[in-house]
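From a predicted model like this one, the values you see are computed outputs, not experimental measurements. Every chain is numbered from 1, with letters handed out A, B, ... down the list of sequences. Atom set for the values below is all heavy atoms of this structure, side chains included, hydrogens, waters and symmetry mates excluded.
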2 protein chains.
Amino acid sequence: MTTPLRLGIAGLGTVGAGVVKIVQSHANLLAQRSGRPVVITAVSARTRARDRGVDLSAYAWEDDPVALARREDVDVLVELMGGSDGPAKAATEAALAEGKDVVTANKAMLALHGQALAEAAEQAGRVIRFEAAVAGGIPVIKALTEGLAGNRIERVMGVMNGTCNYILTRMESEGLPYETVFEEANALGYLEADPTLDVGGIDAGHKLALLSSIAFGTRVDFDGVELEGIERVSIVDIRHAADMGFRIKLLGVAQMTGRGLEQRMSPCLVPAHSPLGTLEGPTNMVVLEGDSVGQVVLRGAGAGEGPTASAVMGDVMDIARGCRLPTFGQPAAGLATARSARASAAAPYYLRMELEDRPGALAKVATVLGEAGISIDRMRQYRHKDPTAPVLIVTHKTTRDALDHARAGFAATGVVVGEPVALRIEQV
Amino acid sequence: MTTPLRLGIAGLGTVGAGVVKIVQSHANLLAQRSGRPVVITAVSARTRARDRGVDLSAYAWEDDPVALARREDVDVLVELMGGSDGPAKAATEAALAEGKDVVTANKAMLALHGQALAEAAEQAGRVIRFEAAVAGGIPVIKALTEGLAGNRIERVMGVMNGTCNYILTRMESEGLPYETVFEEANALGYLEADPTLDVGGIDAGHKLALLSSIAFGTRVDFDGVELEGIERVSIVDIRHAADMGFRIKLLGVAQMTGRGLEQRMSPCLVPAHSPLGTLEGPTNMVVLEGDSVGQVVLRGAGAGEGPTASAVMGDVMDIARGCRLPTFGQPAAGLATARSARASAAAPYYLRMELEDRPGALAKVATVLGEAGISIDRMRQYRHKDPTAPVLIVTHKTTRDALDHARAGFAATGVVVGEPVALRIEQV
């Protein structure tokens, strides 16, 4: 095959410019590795007149990404505009309808419309690849879909939002409250225009939903992801968790349980010395667990021009080399509709509460736990000056139902002040 | 494609039995994911009458692996016999000549005959895949060849012999000398029949040579790997290194330098808190560095039935799905013959030596270093009872040549007792 593979790039932000740089600077390398030239024929973005640090003069320009997608001289639409609907979806649909492959970094679009797009791609005999949509430069979609294809996947976990991990590790290292670090991150431009996408766990939840689909052969179900952001993680809990050998991470966990598919994106405690626990700053980490392979851990940059462009080019090279897989690793029609299970896998929990400082208070709490069937692994009551006593409890494995039962019980004791904090301890 | 993909498995040791188990237990999963049934038609091993914990009665039996490779009802030879030559090579060559694909876990065969086999495969229009040959269940060949295909690779590093890492971490955690832990490992059956393959770094060196070829587009050059085993790593150095924030690992490093391709497999110091430094026991880790992606770290089980069989099946599934790449990621004819460079990339070094306890001794050593152009980052002289004083030095970045120069100088001082220990500190 010496026919060139011709790319049309829609979206020329950081990642788009990064892709252009790789295609321009590594032309020989790409041709050697794929056996054919990889070239850009046309590009599209909102504003033409803007210096992007790359020379676009050799490429046709389209104002309209849909027109780009339909061009006869484009074999692959590289969709880097973002947004779950609008131009990104329109261009993707147009490309598939015209018999072109699509490479995209768009997690929102696939998390919300993945099934329909996968079906459209298969109907057209084309592929949609999206390595760049999950965990930046880490080739995790490939590892899960292809490298681990001989495994029944048991669990997928990941720290997949670099901004959240930056905020949490900086809170811990500097002893700063959430609000302060959030403002810092915002000032540094680390947050999305709508910060809820990051700190609310939505962006990471999109990624988890995509991994789940591949891992368990189920239709993408973002609505089935239980989302909890990091907004309520306090420096107090970070410190107490550290005291007990844990770190708090915004952790995505997907696993198939007897009650259905469990997908959670929430702040969890992990052992400080585990791979996930040692993860600092904006780095991403994904943990894949298969019945044969055991645990495979992948770590790398989760965002940024180079890493994301690298992931896009990995997909482009697969297409150039003729490796063509269904979007979620098996034909879309065969993907099951998973029953969505509210976190049903048992786990130990970290509980923190404030008790009124009077005789019998602790006994009442212990009784509530016992009645809910929850046994205590470790408990600490701290010396204090306030009228209330801070108490930490690490439970043995228990269920969310038992925990809800206990919470109701705490309220009835009359000695628990305010709402107890409960964080799951994920066993990694 | 609903034609079954028919495997012939040569070699029914641990890994072979593991592959049979996956094919038997996950038939539906494999068919869903690849779009076609994956079946075993024939097997071969040295002894037929042996309980391998799997039911082989449905498969044809061949005493001769070459006959297996030539069977008309075999599409893919799964070569799991091992050995660089002999039956493994003969069967591989026979399979290719008969127009069959080959999946192998045989690092020695590919490290020594990779170029010839790759050429034979391409001539026959067939593929050789070998994910299982490097780092067990970690999909590192795939990550490097495909996921990072848009990158110029800058460096590849890895802890790829689980037995060596087990020995080194156990020496450190238990404070035991090398010989004791070596005997333990031997008694536990962790070592190859010829232990030099493990502790001499040969097995890991084979793996490094394979990664180098893919990373740098060069012909496999195992002879170009500078090999140093762990036999001379002492508990004294492990302790001193730990004191200074390092751990000693049998680390493979491959990088392209101005003077040629540098491939080293040797005991190195790495920062204790780096991903490589935190690696315990038999786990493997590979670090890939690309110009766009930055650093990607992969971690998982480097050996064992399940992980290795998982890697074999990843390759089988690629073939079932029609993903076909040249052996080393680009056509064999295009692979360059790399000039082999003796470790030329500069690095800091850890030096330990025994000095005669008399005035001016340390000054003489410092002078020798200065004259060799080596500057000192940190130095410690320890309190001692012996007639000689232990001295540790961490240098700033320097070259092997400068170090050799200094070593000659030490000998001439008359105050350095015995041979100084010099270990490279790899910057990770």
(request) Check each atom of Thr283(A) against the heavy atoms of chain B and say whether the ones under 4.5 Å are side chain, backbone, both or neither. (result) neither
(request) Please flag which part of Leu30(B) lies under 4.5 Å from any non-hydrogen atom of chain A: side chain, backbone, both or neither. (result) side chain
(request) Mind listing the closest non-hydrogen atom pair of Gly137(A) and Val293(B) along with its distance? (result) O-CG2, 3.4 Å
(message) So, taking the atom named CD1 in Ile138(A) and the one named CG in Leu298(B), what distance separates them when rounded to the nearest 0.5 Å?
(response) 9.0 Å
(message) Can you give me the closest heavy-atom contact between Ile153(B) and Arg33(A), atom names plus distance?
(response) CG1-NH2, 4.4 Å
(request) Check the surroundings of atom CD in Gln123(B): do more than 12 heavy atoms from other residues, nucleotides or ligands lie under 6.0 Å from it? (result) no
(request) Give a yes or no answer on whether the side chain of Arg321(B) reaches the backbone of Gly329(A) with a donor-acceptor pair at less than 3.5 Å. (result) yes
(request) Among Gly136(A), Ser292(A), Gly290(A), Gly150(A), single out the residue with the greatest number of heavy-atom pairs under 4.5 Å to chain B. (result) Ser292(A)
(request) Would you mind checking which part of Glu131(A) comes under 4.5 Å of any heavy atom in chain B, side chain (CB onward), backbone (N, CA, C, O), both or neither? (result) neither
(request) Name the region of Pro139(B), side chain, backbone, both or neither, that has any atom closer than 4.5 Å to a heavy atom of chain A. (result) side chain
(request) Would you check, one step at a time, whether the test side-chain contact (heavy atoms from CB on, under 4.5 Å) holds for Arg152(A) with Leu29(B)? (result) CA-CA 8 Å; Arg152(A) 184 174 304 283; Leu29(B) 203 61; 4.1 Å; yes
(request) Side chain from CB out, backbone as N, CA, C, O: work out which of these in Asp291(A) comes under 4.5 Å of a heavy atom of chain B, or both, or neither. (result) side chain
(request) Identify which part of Ala149(B) has an atom lying under 4.5 Å from any heavy atom of chain A, answering side chain, backbone, both or neither. (result) both
(request) Would you give the length of the straight line joining atom SG of Cys323(A) to atom CD of Glu146(B), rounded to the nearest 0.5 angstrom? (result) 5.5 Å
(request) Side chain from CB out, backbone as N, CA, C, O: work out which of these in Ile22(A) comes under 4.5 Å of a heavy atom of chain B, or both, or neither. (result) side chain
(message) Under 4.5 Å from any heavy atom of chain B, what part of Asp318(A) do you find: side chain, backbone, both or neither?
(response) side chain
(message) At a heavy-atom distance under 4.5 Å, which candidate from Ala301(B), Ala143(B), Pro275(B), Gly18(B) has the highest pair count against chain A?
(response) Pro275(B)
(request) Identify which part of Pro326(B) has an atom lying under 4.5 Å from any heavy atom of chain A, answering side chain, backbone, both or neither. (result) neither
(message) Taking every non-hydrogen pair under 4.5 Å, which of Glu305(B), Gln32(B), Met313(B), Lys21(B) racks up the most with chain A?
(response) Gln32(B)
(request) Could you look at Thr145(B) and say if it's the side chain, the backbone, both or neither that has a heavy atom under 4.5 Å from chain A? (result) both
(request) State the NE2-CG distance between His26(B) and Asn151(A), to the nearest 0.5 angstrom. (result) 6.5 Å
